[in-house]
Amino acid sequence: MLRSSSIQMERVITSSSSASIPPIADLSSPNHHHHLPLVLHRLESCKSMQELKQIHASVIKSRPLQTQLVFSKILSFCALSPFGDLHYARSLFRSIQTPNQHIYNTIIRGFSNSSKILEESLFFYREMLDYGFLPDNFTLPFLLKACARLRAIREGKAIHVHAVKTGLESDVYVKNTLMRLYAVCGEIDAVQRLFDKTPQRDLVSWTTLISGYAKMGFPKEAIRVFLEMGDANLIADEVTIVVVLSACSKLGDLDLGWRIHRYIDENKVRLDVFVGNALVDMYLKCGDVEFAYKLFEEMPERNIVSWNSIISGLVQQGEFKEALVMFRRMQAKGLEPDDVTLVGVLNSCANLGALELGKWVHLYVGRNRIKADGFIGNALVDMYAKCGSIDQALEVFSSMQCKDVYSYTAMIVGFAMHGKGERALSLFSEMSRVGIKPDEVTFVGVLSACSHVGLVDEGRRHFEDMSRLYHLHPQIEHYGCMVDLLGRAGLLEEAEEFIRSMPIRPDAFIWGALLGACRIHGKVKLGERIANHLLELEPERDGAYVLMSNIYASASRWRDVLKVRKEMKMRKVKKTPGCSMIELDGVVHEFRMGDKSHPRAREIYMMLDEVIQRLKNEGYVAQTTNVLLDVAEEEKEHALCRHSERLAIAFGLISTSPQTPLRVVKNLRVCNDCHTVTKFISKVYEREIVVRDRNRFHHFRGGLCSCNDFW
DNA sequence: GTAGGGTTAG
């Protein structure tokens, strides 16, 4: 570590005029039949260390005129070329008796470019100062760039002091690298202060400032600075535009995106591959998927980032199947995915329940030495958990070297979804023990864990701890979890009181959670009141109607059920169609309620009939109270039979060998009757069945479900 | 011989 005092700036600065000037290298060599231009020419075309060593040897032997200059050139090659060798550079440097400033800068630059530690470049820097040289406008940017790369803010600040003392702070290169240092270390105010301090600023300074704001999570500020830049009569170039576009992506502001696109056209900013990628990303993040596709197709040049941008953008828009289609297209072109691609693919798998493909990615990562760092590891944990393989998720999680808040949260949310509330909570305490701070999302996991297993007191305590101990502000999701927790536990009055005391306006999810609790506990009166709140907030959606009609049906109030149905018709409210997915041999099959479009639909429905017959023999009786209609019991039963998860399960039964576990993902909540049916199937057909509904997992085995019928 | 760029997580 560099201590500011260890660099004797005072001595250097005050005594620089009288500092001992190193003797000049031996210019008068007796033996100079080697032509200097020839050596320099050979160096220019040099492509390997082997070749370089030959040149070096011949120079030592023949000692041409200006040996120092030639050594300097050789050093540049060793220290800076991709074919170079820093060890060789170091010993070569040591062989130069009296290095000049340029030579010092070269060795410092060499080590600051590639070394994982700062020590080495700082060592040469100190030596240079001891020699009586002052840092110049080249020295400091080299050092500062290394500090930025290694996030070494302490050392960087010490260098900053030198910049001030030497007056180099106002050099635009020094200033820009200083700004970048503070930006990557998160000190955005320091960046702005440096920018404001002196009038020496160019397009790079503006771009660095904009990028700093964008990366620190202040995209609005970034755009503000961009507009100011226009007022100062500067025109953005490709680099500035890329940064501005990424700020716009973060804002998700399509109007702004169009304005920037127009700016690009009007100012003839070149559409290089960076700008193209940034545009594709911006259109996706701002929601114009079609235009993003169009741009992508028209791009004259595409690289891996272009593909990653479109894949991750689609994932972010919830277009998981499309994302996988693009991934396949990319593979068909012979392009190898990198870690960023695979994170997007894993995310799609997680959402589609595509376990087979997810496993393939896991293998691919292992085989191809893909950087299995935080991003990939966390995405794997999430994928396994969301695909129903909680044990695999835990295995990946346990094997991870560096776990962060994302890893812990993924695992906690995973446990919560699988109804393993105690595991989730014990992992949460482990997290605090090892000193990883939870954030808002962690608490969503913790609170939903409590809710799924009915740990009311635990939940209340964690909710309070959130602000008291961790200084996190509860958001609407956290209030939602609490309403859910209290409501399910039957504490409906407390839940309603809780909603009244919320500092945020309750949204549809909050009222929906309470209404759901009314359904579980058969509270008709309260339900009616809540349903009205919900209908005010979203009259066009079916949630309130469906829950209300279920509540009436449970109370056998068929006339009210009919009224709700009429009203739905009158207001043209469409029911969200139930949809279930099952993956077989890497292909995701999708079923809607009553779907007959599947090629094997006939077999599937025949299987379903057979299943129901067998279950009835085993004592199953259909529970029809959750069906909307007041129609003959038989017909209701028929409606139930067509629920999408049953189609998916029947398809799984006829398409896989006995005892293969079935994994189904459903977009809505599982209804009571389907839950019972699935329990029966797991026993009668001896199948493990894992169903993920919109809230959580149900592991069916031997006639029982992991949720203990509490969901 | 110096500086600013796009894509990734719960």
Side-chain angles (χ1 to χ4, degrees), chain A residues 72-73 75-76 79-80 101-103 105-106 108-110 112-113 136-145 148 168 171-181 183 201-212 214-215 236-246 249 272-282 284-285 303-313 315-316 337-347 350 371 373-383 385-386 397 403-414 416 438-445:
Chain A
S72 171
K73 297 273 181 198
L75 181 71
S76 291
L80 306 176
Q101 170 115 46
H102 183 262
I103 290 176
N105 283 349
T106 306
I108 290 170
R109 184 183 177 197
S112 56
N113 273 345
D136 65 11
N137 55 321
F138 293 103
T139 324
L140 294 189
F142 297 149
L143 290 166
L144 289 167
K145 197 177 180 184
L168 284 167
D171 176 87
V172 73
Y173 280 88
V174 173
K175 180 171 137 156
N176 291 344
T177 37
L178 272 171
M179 283 174 61
R180 169 146 174 82
L181 168 76
R201 53 179 81 127
D202 59 8
L203 192 54
V204 178
S205 325
W206 284 94
T207 309
T208 308
L209 183 62
I210 296 171
S211 155
K215 290 228 168 78
D237 68 0
E238 291 77 33
V239 182
T240 317
I241 280 301
V242 162
V243 173
V244 171
L245 281 171
S246 85
S249 294
D272 66 9
V273 67
F274 283 88
V275 175
N277 292 345
L279 274 171
V280 167
D281 176 64
M282 181 278 288
L284 278 163
K285 298 256 169 75
N303 58 17
I304 182 79
V305 180
S306 321
W307 288 93
N308 290 348
S309 299
I310 198 133
I311 290 171
S312 344
V315 169
Q316 209 238 351
D338 68 4
D339 52 332
V340 179
T341 325
L342 296 177
V343 167
V345 173
L346 284 171
N347 206 327
K371 204 168 62 176
D373 66 344
F375 275 98
I376 286 279
N378 296 341
L380 279 170
V381 171
D382 182 51
M383 181 277 294
K386 293 220 171 100
F397 176 79
K403 304 186 186 80
D404 60 10
V405 59
Y406 291 95
S407 335
Y408 273 94
T409 306
M411 202 60 228
I412 289 171
V413 170
D439 66 9
E440 285 87 351
V441 188
T442 318
F443 273 100
V444 172

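Residue numbers start from 1 in every chain, and the chains themselves are labelled A, B, ... in the order their sequence lines are given, proteins ahead of strands. Just the heavy atoms: all of them, side chains too, but no hydrogens, waters or symmetry mates, feed the values below.
By the side chain to side chain contact (heavy atoms under 4.5 Å, CB included) test, Thr207(A) pairs with Leu203(A), Val239(A), Thr240(A), Val243(A), sequence neighbours left out. Residues passing the salt bridge (Lys or Arg N to Asp or Glu O under 4.0 Å) test with Lys175(A), sequence neighbours excluded: none.
Using a 4.0 Å heavy-atom distance criterion, Asp382(A) is classed as a sugar-phosphate-only contact. In this structure, Val405(A) reaches the bases: a heavy-atom distance under 4.0 Å links it to at least one base atom across the strands shown. Contact annotation for Thr442(A): base contact, defined as any heavy-atom pair under 4.0 Å involving a base atom. Backbone-only engagement by Lys215(A) is indicated by non-hydrogen atom pairs under 4.0 Å involving sugar-phosphate atoms exclusively. Counting non-hydrogen atoms under 4.0 angstrom, Leu279(A) reaches nothing in the nucleic acid. Within 4.0 Å of Val243(A), counting heavy atoms only, lie sugar-phosphate atoms of the nucleic acid but no base atom. No engagement by Val444(A) is indicated, since no non-hydrogen atom pair under 4.0 Å with the nucleic acid exists.
Counting heavy atoms from C-beta on, the side chains of Met179(A) and Leu209(A) come closer than 4.5 Å.
Contact record, Gly344(A) with Val315(A): O-CG2, 3.5 Å, taken as the closest heavy-atom pair. Nearest heavy-atom pair, Ala79(A) versus Thr106(A), reported as atom, atom and distance to 0.1 Å: CB-O, 4.0 Å.
Residue Val413(A) places its side chain closer to dG10(B) than to any other of dG10(B), dG5(B), dA9(B). The side chain of Thr207(A) sits closest to dG4(B) out of dT2(B), dG4(B), dT7(B). Residue Phe375(A) places its side chain closer to dT8(B) than to any other of dA3(B), dG10(B), dT8(B). Closest approach to the Val275(A) side chain among dG10(B), dT7(B), dG5(B) is made by dG5(B) (side chain taken as heavy atoms from C-beta onward). Side-chain proximity of Asn378(A) to the nucleotides dA9(B), dT2(B), dT7(B) is greatest for dA9(B). In the set dG5(B), dA9(B), dT7(B), dA9(B) carries the atom at the smallest distance from any side-chain atom of Asp404(A). Ranking dG5(B), dT2(B), dT7(B) by closeness to the Val242(A) side chain, first place goes to dG5(B). The side chain of Asn176(A) lies closest to dA3(B), out of dA3(B), dT7(B), dG5(B). Ranking dA9(B), dG5(B), dT8(B) by closeness to the Ser312(A) side chain, first place goes to dT8(B). For Asp281(A), whose side chain is taken as the heavy atoms from C-beta onward, the closest listed nucleotide among dT7(B), dG5(B), dG4(B) is dT7(B).
To the nearest angstrom, P of dT2(B) lies 14 Å from CG of Asp202(A). The separation between Arg109(A) atom CZ and dT2(B) atom P is 6 Å, rounded to whole Å. As a whole-Å value, the separation of Leu342(A) CG from dT7(B) P is 18 Å. Whole-Å rounding puts the Asp339(A) CG to dT8(B) P distance at 12 Å. Atoms CZ (Phe274(A)) and P (dT7(B)) sit 11 Å apart, rounded to a whole Å. We find that CD1 of Ile311(A) is positioned 13 Å from P of dA9(B), with the value rounded to whole Å. In this structure, Arg201(A) atom CZ and dA3(B) atom C1' are separated by 16 Å, rounded to whole Å. As a whole-Å value, the separation of Leu144(A) CG from dT2(B) P is 15 Å.
For the OP1/OP2 pair of dT2(B) and a distance below 4.0 Å, the side-chain nitrogens and oxygens of Arg180(A) include no atom meeting the criterion. A close approach under 4.0 Å does not occur between any side-chain nitrogen or oxygen of Asn113(A) and OP1 or OP2 of dT2(B). The phosphate of dA3(B) has neither OP1 nor OP2 within less than 4.0 Å of any side-chain N or O from Lys175(A). Distances shorter than 4.0 Å separate some side-chain N or O of Lys285(A) from OP1 or OP2 on dT8(B).
Ser309(A) and Asp281(A) share no donor-acceptor pair across their side chains, judged by distance under 3.5 Å alone.
Counting distance only, with no hydrogens placed and no angle test, the side-chain atoms of Asp237(A) and the base atoms of dG4(B) include a donor-acceptor pair under 3.5 Å. Contact annotation: side chain of Thr240(A) to base of dG4(B), donor-acceptor pair present below 3.5 Å. Looking at Asp272(A), its side chain comes within 3.5 Å of the base of dG5(B) through a donor and an acceptor atom. Side-chain atoms of Thr208(A) stay outside donor-acceptor range of the base of dG4(B), with no qualifying N/O pair under 3.5 Å.
From Met282(A), atom CE reaches atom OG of Ser246(A) across 11.5 Å, with rounding to the nearest 0.5 Å.
Aromatic pair Phe397(A)/Tyr408(A): ring centres closer than 6.0 Å.
You can call Tyr406(A) stacked on the base of dA9(B); the centres are under 5.5 Å apart and the planes sit within 30°. The aromatic ring of Phe138(A) sits over the base of dG1(B), with ring centres less than 5.5 Å apart and planes tilted by under 30°.
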